[in-house]
Amino acid sequence: MKMHFMRLGRCSCAFWLAVAFDILGLGILLLGVSGNLFFYDFLIYAGAIIIFLSLIWWVVWYTGNIEVPPEQLEDDVGLLKKGTGVVGLVRRFSSRLTNGFRSSFGRNKPTNRQRGNPQTQRPSPAGPAQQTVVLPMALPGNVHTVSAAVATEVQPDHTATQTSAI
């Protein structure tokens, strides 16, 4: 019994899900093609979509069974050998250069706000005092755009609508 599972690989659950999706999709597709039903087109499309979704399980099964020797994984998973010679020198130089770039972007440096520079400090989250904005209501024959109302000084009247900043 154990040899049977070894033939399927390590991801036998994904394999059986892919087979089940294929069988279900093919059954629904064939029912739509051969059945004399008024919703045959729905069955054809649904079967095709289920078969397409089975590809996800086939990809999971296949990628789960890829075996890579540990020698090839050294660089990918951080099992770096301490190189000697030119390879080790290049790796050390690359590591120092990368760390230099990372530290220059200010991960560990205090920002201008922390240093107390008044020009770069932002206002508190509450913000400045809120100002009320008054937009005049226009009569149907006297329509002005907002930019025209801003460019020309329009005196607010009793029909004005007041809004405030959020």
TODO: Give, for atom CG of Leu24 and atom CG of Leu53, the distance between the pair rounded to the nearest 0.5 Å.
DONE: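 Result: 10.5 Å between the selected atoms.
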Going hydrophobic residue to hydrophobic residue with side-chain gaps under 4.5 angstrom, can you get from [X] over to [Y]?
{"X": "Ile56", "Y": "Leu26", "value": "no"}
{"X": "Tyr45", "Y": "Phe39", "value": "no"}
{"X": "Leu55", "Y": "Ile51", "value": "no"}
{"X": "Phe52", "Y": "Val19", "value": "no"}
{"X": "Ile49", "Y": "Leu31", "value": "yes"}

Taking the side chain from [X] and the backbone from [Y], do they hold a donor-acceptor pair closer than 3.5 Å?
{"X": "Ser12", "Y": "Leu8", "answer": "no"}
{"X": "Ser95", "Y": "Arg92", "answer": "no"}
{"X": "Thr98", "Y": "Ser94", "answer": "yes"}

Task: Ser54 to Ala18 - nearest heavy-atom pair and separation - done: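 The answer is CB-O, 3.8 Å.
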TODO: Specify the closest pair of heavy atoms between Asn65 and Cys11, including all atoms of both residues, with the distance to one decimal.
DONE: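 Minimum heavy-atom separation between Asn65 and Cys11: OD1-N, 3.6 Å.
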TODO: Determine, stepwise, if the pair Trp57 / Trp16 fulfils side-chain contact (heavy atoms from CB on, under 4.5 Å).
DONE: CA-CA 9 Å; Trp57 296 114; Trp16 290 115; over 6 Å; no
- [ ] Using a 4.5 Å cut-off on heavy atoms from C-beta on, say whether the side chain of Trp58 contacts that of Phe21.
- [x] no
- [ ] State, with a plain yes or no, whether a side-chain heavy atom of Leu29 is found less than 4.5 Å away from one of Leu43.
- [x] no
